[in-house]
Structures are given as structure tokens and as C-alpha cells.
Amino acid sequence: MPVESKKQKNVLGLPLETCGSKPVTGFYRDGCCNTGPEDHGVHTVCCIVDVPFLAASKSLGNDLSTPHPEWGFPGLKSGDRWCVCAARWLQVQQAGAACPVVLEATHEDTLKIVPFDLLLQHAVIPSQLH
């Protein structure tokens, strides 16, 4: 587990919210995009993956849709929430296939790799603001 995971913040400077539990996501498989020194891939962007994102990611060498039961990975489908590596999300965004981002569940360390303005362009508006 990450050191002091309960104190980790999101890109808005608030406590990090849960990203997803079906399937369970996060580098630590705790449902959150927590990070720590062991997370060399910086799995910090909480995404709602969609078909274009999954296809582009696969074409760029990061297949997130194929199940790998030997690793406990079910494969992702459109609508799943997943903690994606910040650099990978940026790579897919630059390829024109960014998926929606949940800012409240995206770790603040993402900002070391992805500019906030870019995340904001792809942000999901919380349901209480609709």
C-alpha cells in the first residue's frame, strides 16, 4: 500500500476519491488511483474508457481490452473506470482518442505529466452539477 494513502490528493487539491470497483482498479487494486514509489508507471488518471480510447491504446502497444486471467485482469470494456498511466493517457490523447477523465479521482501526481488544462478539456462533469 502507498504511504499515507488516506492523505493523497486529487488534481483539484481535495482528498482523492474512488475511481472504480467493477473491475477493481488502481496500481494497488484498492479502487483508487493512489500512487507510491513502487508505481513506476504512474497509474494516476481515472478514466472512463471508451471504444476509441481502447482501440488507440491497443494500437499504441497498451492492450487494455484483452482479458489476462493469469494476472486477475478481466479486460476493459467501454464505460469501465480505470486508473491509466498518465503518460499513456497523454499518448492516446495526442493520437486523438482521449477518453473522459474523473478529476475527483485523478491523483495530483498526474500534473507532473499532463497539464491541468488538458485534463479539464476531457473532464466528466459531476452529476450534482448537471
Side-chain angles (χ1 to χ4, degrees):
M1 287 297 277
V3 179
E4 300 180 13
S5 65
K6 295 191 185 326
K7 295 183 181 179
Q8 294 199 22
K9 303 281 185 190
N10 62 31
V11 295
L12 303 172
L14 301 170
L16 187 65
E17 294 184 12
T18 299
C19 180
S21 59
K22 291 183 183 179
V24 177
T25 191
F27 178 78
Y28 299 100
R29 292 300 188 263
D30 60 359
C32 293
C33 297
N34 290 313
T35 193
E38 310 89 357
D39 181 14
H40 300 290
V42 192
H43 297 77
T44 57
V45 181
C46 180
C47 296
I48 302 174
V49 300
D50 55 22
V51 171
F53 177 86
L54 292 170
S57 184
K58 184 174 183 176
S59 75
L60 293 167
N62 189 29
D63 183 358
L64 297 172
S65 55
T66 301
H68 287 280
E70 68 274 20
W71 302 329
F73 180 67
L76 301 179
K77 62 185 182 318
S78 186
D80 286 343
R81 288 179 168 222
W82 196 251
C83 295
V84 175
C85 296
R88 286 292 196 167
W89 183 88
L90 183 59
Q91 180 185 36
V92 175
Q93 185 277 330
Q94 290 169 343
C99 61
V101 174
V102 181
L103 297 177
E104 296 82 359
T106 295
H107 194 282
E108 66 184 347
D109 281 4
T110 301
L111 299 175
K112 296 175 184 175
I113 300 167
V114 181
F116 182 72
D117 290 346
L118 194 54
L119 293 170
L120 197 55
Q121 289 174 30
H122 298 282
V124 173
I125 298 171
S127 59
Q128 65 265 30
L129 297 178
H130 284 267

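Computed from a prediction, not measured in an experiment: that's the story for all the values here.
Hydrophobic cluster membership differs between Phe27 and Ile113, with clusters built from Ile, Leu, Val, Met, Phe, Trp and Tyr side chains linked at under 4.5 angstrom. Two different hydrophobic clusters hold Val84 and Tyr28 under the rule that ILVMFWY side chains link at heavy-atom gaps under 4.5 Å. Both Val45 and Leu120 are members of a single hydrophobic cluster when ILVMFWY side chains are connected at heavy-atom separations under 4.5 Å. Residue Val114 is grouped with residue Leu14 when hydrophobic side chains (ILVMFWY) are merged at heavy-atom distances under 4.5 angstrom, including chains of intermediate members. Residues Val42 and Leu118 share a hydrophobic cluster, clusters being chains of Ile/Leu/Val/Met/Phe/Trp/Tyr side chains in contact below 4.5 Å.
Atom CG of Asn10 sits about 9.0 Å away from atom NE2 of His107, to the nearest 0.5 Å. Gln8 contributes atom CD, which lies 7.5 Å from atom CG of Asp109 (distance to the nearest 0.5 angstrom). Here Asp80 contributes atom CG and Asp50 contributes atom CG; the two are 11.0 Å apart, rounded to the nearest 0.5 Å. Atom OG1 of Thr44 and atom CG of Leu111 lie 8.5 Å apart (nearest 0.5 Å). Here CG of Leu103 is found 10.5 Å from CD of Glu17. Values are rounded to the nearest 0.5 Å. Atom OG1 of Thr110 and atom CG of Leu119 lie 6.5 Å apart (nearest 0.5 Å).
At distances below 3.5 Å, not a single donor-acceptor pair connects side-chain atoms of Thr106 with backbone N or O atoms of Val11. Put simply, the side chain of Arg88 gets close to the backbone of Leu60: a donor and an acceptor are under 3.5 Å apart. With hydrogens and angles ignored, the 3.5 Å screen pairs no side-chain donor or acceptor of Ser57 with any backbone N or O of Leu54. Checking side-chain atoms of Ser21 against main-chain N and O of Gly31 turns up no donor-acceptor pair under 3.5 Å.
The SG atoms of Cys83 and Cys33 lie less than 2.5 Å from each other.
Side-chain contact between Lys58 and Thr66: present, with at least one pair of heavy atoms (C-beta onward) separated by less than 4.5 Å. By the 4.5 Å heavy-atom criterion applied to side chains, Phe53 and Pro100 are not counted as neighbours. Counting heavy atoms from C-beta outward, Leu76 and Ser65 have side chains that stay 4.5 Å or more apart.
Heavy-atom minimum distance, Ala56 versus Val92: CB-CG1, 3.9 Å. Across all their heavy atoms, Phe73 and Leu64 have their closest contact at CZ-O, 3.2 Å.
Note on ring orientation: taking the six-membered ring where Trp is involved, the planes of Trp89 and His122 are perpendicular (angle over 60°, cut-offs 30° and 60°).
Under the rule for a side chain to side chain donor-acceptor pair (under 3.5 Å), the partners of Asp39 that lie at least two apart in sequence or sit in another chain are Thr35, His43.
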